[in-house]
Amino acid sequence: MIDYRSIEQKWQKAWDDAKVFDPEPDEREPFMITAAFPYVNAPQHIGHIRTYGTTDTYARYKRMQGFNVLYPMALHATGTPVLAFAKRIANKDKELIDELRIFHVADDDIMRMSDPEYIASYFAKEMEGGMRAAGYSIDWRRKFISIEPIFSKFVEWQFYKLKEKGYITRGKHPIGWCTNEKNAVGQHDTRHDVQPEIQQVTVVKFKDPSSGIFFGCATYRPETLYGVTNIFVNGKARYVIANIDGNRYYLTKKAAEMLALQFNIVIESELDGSELLSKKAVNPIDNSEVPILPGFFVKEDTGTGVVMSVPAHAPFDYVALERLKSENYPMPEMQYKRVVVVEKGGDGIGLGRSLSDVSAGQAKAEHPEVPALAYLELLHADDKAIDDVVEFATKLLYREESHWGIMDVGEFKGMKEPEARELIKAKLLKEGNAFNIHTVANDEPVYCRCGTKVIVNIVDQWFINYGDKKWKDLVKGMFPHMAIYPEKLRLTFDNLIDWIDLRAAERSQGLGTKFPFSEGHIIESLSDSTIYMCFYTFVHIIRAKDIRVDQLKPEFFEYVILGSGGADAVESATGIDAGTVNRCRESFEYWYKNTSRHSAPDLVPNHLIMYIFNHVGILRKENWPKQIVVNGFVNYEGEKMSKSLGNIIPVVDGIEKYGADPLRFIEIAGADLDTTTEFSADGVSSVHARNSYILESIKSLSSMKSKELSHIDYWLYSKLNSKIRNATSHMEGISLKSAYTEIYYNSINELKRYMDRGGDNGIVVREFLEDMVLMLAPIMPHVAEEFWSMLGKSTLIAKERWPIANDSMVNEPEEMVEEIIDRTIDDIKQSIELTAKIGANKEKRPSEIKIIIASPWKSKAYNMLVARKNMKEVMENGELAGVDKEELSKFLSQFMKRINMLVARTELEEGLLLRAFVEAEEYISDKFGNAKIVAESEKDSKSARASRALPEKPSIDILWD
RNA sequence: GCAGGGAUAGCAAAGCAUGGCCAAAUGCGAUGGGUUUAGGGCUCAUUCCCGUAGGGGUUCGAGAGUUCAAAUCUCUCUCCCUGCACCA
């Protein structure tokens with residue numbers, strides 16, 4: 001068993017002592033690789049190894065490719081989480097404290113965590129320790145925390161630049177809002193953590209001809225306007241006459257209060273809903289006059305409190321009208337007009353697919369002309385829980401019609417419903433017959449933690465305008481030149497680049513940099529970390545020179561990052577000596593041209609998109625992003641790792657238990673880049689076993705001698721070199737799983753096979769092991785160092801070069817021969833199994849197995865046939881003149897029926913296959929209870945089965961005794 | 001609703017871009033054998049169905065199509081997952 005802990009510590013110290021990972025500019029090509037800095041509100045667990053370990057593996061690989069690699073790290077602490085954390089500690093939150101104990105945080109430290117600064121510095125230190133233990137090749141001299149004043153100066157400068165470019169604008173945006181706390185409400189601020197869903201709703205204006213006042217009917221389906229029979233109001237609610245932008249409307253009092261956050265509303269008078277019931281209103285789509293009726297389901301605090309009634313398509317409307325009828329409410333005769341039909345198959349009007357599921361297919365609606373009724377019937381609306389049924393019917397019908405509906409009346413007859421909806425909506429808006437409002441659209445009302453119902457507010461604040469046309473075009477122009485791994489994410493990025501628009505830039509609470517253009521606010525905490533990687537290139541210089549915060553004026557960054565002005569001018573403006581300023585500038589210029597950004601997929605729609613935009617918006621073209629790498633998450637024994645599931649393993653515990661390298665290997669090479677890795681203890685132990693095998697192999701080298709190369713040696717060389725070649729190309733594409741399947745799992749199998757086949761050439765095995773260990777160095781750096789030194793090397797493998805494939809050693813025929821041997825063994829096995837059942841062979845064992853290798857003309861004839869697809873042409877070909885015609889015809893005819901499906905095969909050198917089989921006789925014999933194996937050529941064979949031999953499929957003749 | 005992704009054998013998961021060496025890699029699980037045999041570790045074999053010689057049959061969400069040939073291309077459908085703004 002390998003003692004991982006002691007190996008890790010030994011080599012980590014060696015790296016530190018040799019300062020292998022603290023690079024400064026030199027003559028080599030630079031490569032700067034950064035991963036999203038971790039947030040300091042919890043210690044790291046083993047899942048984090050996926051991102052930072054993948055980044056490290058790539059950094060180490062690049063280093064071995066001869067690049068001067070910088071892998072820096074910082075920590076993120078701005079925004080509200082750290083504050084919230086401190087508050088929870090101050091309140092002695094038990095859940096949080098228990099969680100911290102899982103991570104071995106001492107009670108003493110926990111007590112002090114009511115101070116946000118303490119939290120940040122505690123976890124900063126804790127995380128650094130974990131990352132060092134995992135063996136990341138990080139330059140820790142450049143570490144900083146995003147709430148440090150020197151960093152804030154940099155962020156401030158960033159925002160001056162955005163403002164200067166015109167990318168920061170003031171604007172309005174609908175957000176969830178608590179009227180009690182007068183605060184924006186996000187998911188974390190609501191009861192049960194629901195995300196307030198804000199949607200646009202169209203308000204259609206129905207004019208009361210007697211007064212000129214409008215009934216504003218809120219609807220998601222303005223296209224059903226053709227089927228309106230009446231308007232519903234809540235007879236028991238208080239209504240107002242409100243003036244909105246010059247027009248007067250009837251609204252519920254509550255609706256008016258809510259809409260006051262979205263519009264300028266002047267309330268003129270109040271009245272009871274019942275007073276509206278005598279009125280009439282004009283439908284703007286066809287100027288028909290409809291009555292106002294009481295609707296039992298109309299809620300006074302939803303929408304406008306005025307609803308247009310479309311009984312043919314809205315189950316609630318239908319039910320309400322039925323109820324009125326049964327109560328003998330006086331109302332005029334009305335026509336339920338179907339507006340939309342759902343086509344189903346060829347049999348005319350159907351009720352759609354979802355309904356047939358519900359009603360188990362036997363559904364035959366009696367009233368297809370009134371879909372709302374049909375749905376209710378089929379869902380058995382006579383049920384007690386009537387409201388539930390009606391609601392379910394509403395949802396189903398809405399979904400069905402929105403998906404499959406075709407307009408049956410009006411201007412847009414024949415058009416698909418969703419398309420017609422947009423056109424009608426646009427038309428109504430244009431003609432002044434409607435306007436849009438925003439509303440919280442969740443099924444259930446959303447409440448703030450304080451208990452107040454969340455409504456929509458339109459706030460006026462600073463935004464970063466990612467919708468800026470010029471900016472967006474710049475990004476669209478550069479993005480195709482960026483490398484994206486995995487490449488299939490490119491489309492996602494493209495869509496997001498199109499989609500991203502205004503984004504709030506300020507926040508009223510949290511840690512961070514003061515927003516420079518409005519009092520009392522801080523910069524939103526994703527916006528402050530979009531170009532921070534620049535800071536790594538010179539932060540250690542600032543620190544070493546003890547530069548004061550107040551010296552970090554815009555002039556400094558302007559020169560260091562953009563090269564504007566000059567070092568002397570910066571010196572006189574800031575007092576920082578010109579030499580230091582120039583060093584910062586040179587460092588930035590050197591490092592920030594060849595960069596790679598790594599993160600988990602959750603940051604794609606926000607951080608990574610903003611990362612691209614901000615770079616393009618602020619930096620010079622040569623410093624724009626070059627490549628982005630996105631890696632997936634990690635599951636633990638089939639489940640997502642989460643604190644609530646209790647399956648979180650802190651990094652330090654994981655390393656203690658499994659070893660840093662096996663842990664790294666499983667997480668990094670366990671799955672393709674963008675998919676979730678399954679972490680399991682079984683996987684780890686299989687890595688342990690393989691590492692031990694490598695260890696034993698290295699030890700066994702001393703007992704091996706060098707000798708002349710045989711077929712199996714050439715085969716192993718060939719495998720080795722094709723593995724190096726394949727692995728290198730996988731590494732270049734950051735397909736770490738494929739790369740390490742080749743380097744590790746497959747290579748070990750090849751080595752085993754080599755030994756199994758009797759290979760024992762010390763020179764060959766040593767070369768194989770050396771290259772394999774070199775290629776393992778990026779992912780299992782500690783173990784690789786250990787193996788490297790066991791192989792007698794005195795250098796650090798971290799500073800060695802990646803092996804280069806020798807293509808001339810890749811020997812396709814030798815590899816093919818091995819495959820044929822393998823397949824032949826399988827065939828023999830199968831044949832024995834089947835023929836053993838024959839009566840004559842009962843109680844017997846195979847005594848001799850003849851393996852008959854096909855005559856060389858066969859593969860020639862075969863390939864000729866595949867190329868010409870014509871038997872006659874092959875028969876008459878001069879190259880096959882020496883072959884017996886009858887035999888040739890028999891051979892060829894067996895392929896004729898599948899002639900079009902056959903593929904040409906490589907022709908092996910004459911005699912190669914036979915020689916290899918002869919060499920392998922002992923190996924094969926071993927597999928069949930030491931039966932005698934005779935490999936012979938078809939020509940020399942006396943077996944009756946000899947003529948059955950095919951080019952890559954020797955004939956087999958089994959003799960039983 | 002909008003946008004993106006997915007559906008492969010008991011499970012997990014490759015392959016589909018460039019259709020044919022795909023009954024489909026690999027891992028786990030299961031079954032059997034070996035190992036001075038501990039139900040552990042390691043190791044070998046088997047793991048869709050049938051088969052008295054290396055063969056045949058039916059498979060890659062469902063259906064249709066293109067093709068000599070489709071897990072792979074086209075179309076339609078069904079189902080699942082993720083994100084959607086003040087939240088890091």
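In this text the structure is predicted, and so the values were computed from the model without any measurement.
Of the candidate nucleotides B:A53, B:A14, B:C84, B:A14 has the atom lying nearest to any side-chain atom of A:Asp672. The nucleotide whose nearest atom lies closest to any side-chain atom of A:Leu491 is, among B:G83, B:G5, B:C84, B:G5. Of all nucleotides listed (B:A88, B:G5, B:G55), B:G55 comes nearest to the side chain of A:Lys953. The side chain of A:Leu526 lies closest to B:A88 when the candidates are B:G54, B:A88, B:A53. With B:A13, B:G4, B:A88 as the candidates, the nucleotide lying closest to the side chain of A:Lys737 is B:A13. With B:G54, B:A85, B:A88 as the choices, the nucleotide that has an atom nearest any side-chain atom of A:His173 turns out to be B:A85.
Looking only at side-chain heavy atoms (C-beta outward), A:Glu524 and A:Leu526 come within less than 4.5 Å of each other. Side-chain contact between A:Arg421 and A:Arg221 is present, with at least one heavy-atom pair separated by less than 4.5 Å.
Where A:Arg507 and A:Thr492 each meet RNA chain B at their nearest nucleotide, the meeting point lying more 5' is that of A:Thr492. If you find the closest nucleotide of RNA chain B to A:Glu506 and to A:Asn495, the one lying nearer the 5' end belongs to A:Asn495.
Within 6.0 Å of NZ on A:Lys514 lie no more than 12 heavy atoms contributed by other residues, nucleotides or ligands. Taking a 6.0 Å sphere around CD of A:Glu848, one finds it holds more than 12 heavy atoms contributed by other residues, nucleotides or ligands.
Note on ring orientation: taking the six-membered ring where Trp is involved, the planes of A:Phe665 and A:Tyr745 are perpendicular (angle over 60°, cut-offs 30° and 60°).
For B:A88, one of the phosphate oxygens OP1 or OP2 lies less than 4.0 angstrom from a side-chain nitrogen or oxygen of A:Thr80. Contact between the side-chain N/O atoms of A:Ser525 and the OP1/OP2 oxygens of B:A88 is found at a separation under 4.0 Å.
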Nucleotide N/O to protein N/O under 3.5 Å, stretch nucleotides 37-46 of chain B:
unit_1	atom_1	unit_2	atom_2	d
B:U43	OP1	A:Lys752	NZ	3.0

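No contact: A:Pro174 has no heavy atom under 4.0 Å from any strand.
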